[in-house]
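Accompanying notes for the structure given below.
One is the number of the first residue; the rest follow in order along the sequence. Here the structure is a predicted model, which is why all the values come from computation and not from measurement.
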Amino acid sequence: MKINKVLPPDLEVLYKEVDAYEYKPLQDQPPCIGLSANLKEGLSCIANTYVNAILEAGGIPVLIPVTTEIEVLSSLLENIDALILTGGGDINPLFCKEQPIPQLGEGNTFRDQYDLTLLRLASQRQIPILGICRGHQLINLAYGGTLYQDIYVQREEKTIQHTQCLPREEASHLIEIKQGSLLSDLLGSEIAVNSFHHQAIKEVARGFEVTAFSPDGIIEAIESVIPYRQIICVQWHPEAMAAAGDQTMLKLFVHLVSQAQSFKQIKALHNRLITLDSHCDTPMLFNEGVSLGKKNELGKVNIPNMIEGKLDAACIVAYLKQEARDEHSLQKATDKATRIIQEIKRQVEEYNEIAEIAYTPEDILRIKNAGKKAFLLGIENGYALGKDLANLACFKEMGIVYLTLCHNGDNDLCDSAKGNSEWNGLSPFGTLAVREMNRLGIMIDVSHASEKTFYDVIKESRYPIIASHSSSRTICNHPRNLTDEQLIALAENGGVVQVCLYGGFLNEKENEASVLDVVRHVCHIAELIGTDHIGIGSDFDGGGGITGCNSSNELINITKALLDAGFSESDLQKIWGGNFLRVMHIVQSGNK
């Protein structure tokens, strides 16, 4: 295909060409690559070399106008599959909390705000990003790194010429690329680049590594080391060289278009599936001002994050710490659970135009089709029941879909995985509670339960059970995880284990836990019992959150990782909610 061919100035010829175009279905169209615009003399504009480089790489370039209206930029990004932050003027040093030096060049604070807003919004959506020159510096700044306002006066080292007079398509110096980096895989170990800057990266932002240097030590490229955070940045202008026919530089744009195509497919997949997170502890933060309807630096689960991460439904639980079991304390526990559930429902009702409480699997599908987010109710710790089975019917009437039998400590129902084996499994009252939950259509959650409790519940329950936030003990030896024998028994019961995103349950080196560990657990469980018995339960706002998936807006990274591991759309349909909803349907309908 010839890029930007020019026809004779004849309307008949032009219209014939336009009308001959055969429309492609949306899924078959190339991905859209957003381009941040420059701001010159009141114009949102961009050099056509960016456009041509994207076209040559097989993408559709889309210019994003310079505006600081967050709603506008957010809406535009919903239809963008990757983003290029382009070059341009100097960055206002006040964003770095620095005063300007005399050598600072021309800049525009309005454009700085636009670019940084655009970057923030794109990052929250996990959109693949390529930073070029100014964009490279902005990304480093946005993630906590520092910049030189002018390399010629602020560096002690001798500096080569970085503002060439040669045409942009010509190279002016060599750079060395770090072996083993994504950039080296794409471009090789040493390449010649052009250079048009006097600002540069000084200290690299956390979560990034330097992948290229110029001979004088100037950082020429960085890339993210966070799994599935797809960000790469370069100091030079590859678009000018690629548009002029440089096939090496074109590889950067081909790579971005490939990432964009994958991201586009994942978004479409999430639109087709029901995606559900089976365990979130957000009400624990209600007293600190956290709301389900608004973003908050403390809360990981809220409607805006769910929209960004394309998560359809979340189980929000009323968590109760295990405390004293005298009559007064038990009544306080029951009352507290009631208040939390009422507050969850109040908050969801406050945002009823975009969210609803779901009580059945059918509700979730209806709510998704209406373009809203669904919240399901649960209770974490049967301590909430006190010693009165009638409380189960009350909580069912309020809308709970599951109850976690215990937390960290034995209670009146059963022994905990972190308890003292008070009952040797289920207590007599716990056995009655299991039967009553079966009768009422409440799912039984064995996360936090001891092994003996687990097996007692399997034996006693007429219906499949769930482990709302547990992982594999074979992969990570933690008492909260399930052994292979338990997993096999769970599968035979027809139940589901929801792999938890709590670092200590995924990796014995808790601080090193990442999305890759989630894949290890899912792969092991799938190999052991198949994909009919696996789900995802993040434990967000209750300690859950790992590198590469630290809040609801990053859950789409789990999909990327599982696809890379070879799981099919059918597998993901089950893992992302299908298995959990199957159990929910069986328990609520009373048909095993």
Side-chain angles (χ1 to χ4, degrees), residues 276 278-279 315 360-361 376 378-380 382 392 396 400-406 413-417 423-475 478-500 505 521-537 571 573-592:
L276 179 146
S278 65
H279 192 89
C315 296
T360 67
L376 296 86
I379 294 176
E380 185 174 21
L392 273 170
K396 172 66 176 179
I400 71 162
V401 299
Y402 76 74
L403 180 137
T404 312
L405 293 178
C406 60
L413 280 76
C414 64
D415 294 338
S416 163
W423 303 104
N424 190 31
L426 277 175
S427 71
F429 179 66
T431 300
L432 294 175
V434 166
R435 294 172 185 171
E436 181 69 354
M437 289 167 73
N438 279 172
R439 186 185 74 81
L440 292 169
I442 300 171
M443 288 187 287
I444 302 165
D445 178 18
V446 294
S447 285
H448 286 285
S450 70
E451 285 191 52
K452 183 60 166 58
T453 298
F454 171 92
Y455 286 111
D456 284 353
V457 173
I458 289 276
K459 180 180 178 181
E460 192 62 41
S461 178
R462 291 183 289 125
Y463 303 125
I465 64 173
I466 67 171
S468 70
H469 56 304
S470 297
S471 298
S472 164
R473 198 179 300 186
T474 294
I475 301 299
H478 192 288
R480 272 279 287 103
N481 287 340
L482 303 182
T483 66
D484 283 358
E485 291 74 22
Q486 286 178 288
L487 290 167
I488 291 169
L490 185 75
E492 291 173 349
N493 163 268
V496 58
V497 55
Q498 305 287 117
V499 172
C500 185
F505 302 163
H521 283 259
V522 172
C523 284
H524 173 75
I525 297 170
E527 185 176 345
L528 183 70
I529 59 175
T531 56
D532 289 335
H533 307 282
I534 312 172
I536 303 294
D571 294 329
Q573 182 274 328
K574 298 172 186 177
I575 293 168
W576 261 130
N579 293 329
F580 183 92
L581 296 179
R582 168 182 55 79
V583 173
M584 186 174 170
H585 174 76
I586 291 171
V587 171
Q588 291 186 347
S589 66
N591 297 313
K592 189 166 183 179

Look only at the side chain of His521 and the backbone of Ser472, and say whether a donor-acceptor pair between them is shorter than 3.5 Å. yes
For the side chain of Ser450 and the backbone of Ala417, is there at least one donor-acceptor N/O pair under 3.5 Å apart? no
Side-chain donor/acceptor of Arg473 to backbone N/O of Asp484, under 3.5 Å: no
Taking atom types as modelled, find out whether Thr531 and Asp571 have a side-chain donor-acceptor pair closer than 3.5 angstrom. yes
Working to the nearest 0.5 angstrom, can you tell me the gap between Asp445 CG and Ser470 OG? 7.0 Å
Backbone N/O of His469 and side chain of Arg480: donor-acceptor pair under 3.5 Å: yes
Return yes if some donor-acceptor pair links the side-chain N/O of Arg582 with the main-chain N/O of Val496 below 3.5 Å, else return no. no
Any chance the side chains of Ser278 and Ser468 put a donor and an acceptor closer than 3.5 Å? no
Ignoring hydrogens and angles, tell me if any N or O in the side chain of Thr453 forms a donor-acceptor pair with the backbone of Asp415 under 3.5 Å. yes
Any donor-acceptor pair under 3.5 Å from Lys452 side chain to Asn424 backbone: yes
Determine whether a donor-acceptor pair (N or O, by modelled atom type, separation under 3.5 Å) exists between the side chain of Asn579 and the backbone of Ile534. yes
Can a donor-acceptor pair be found, under 3.5 Å and without considering hydrogens, that links the side chain of Ser461 to the backbone of Val457? no
Taking atom CG of Leu528 and atom OG1 of Thr483, what is their separation to the nearest 0.5 Å? 9.5 Å
Backbone N/O of Ile465 and side chain of Asn493: donor-acceptor pair under 3.5 Å: yes
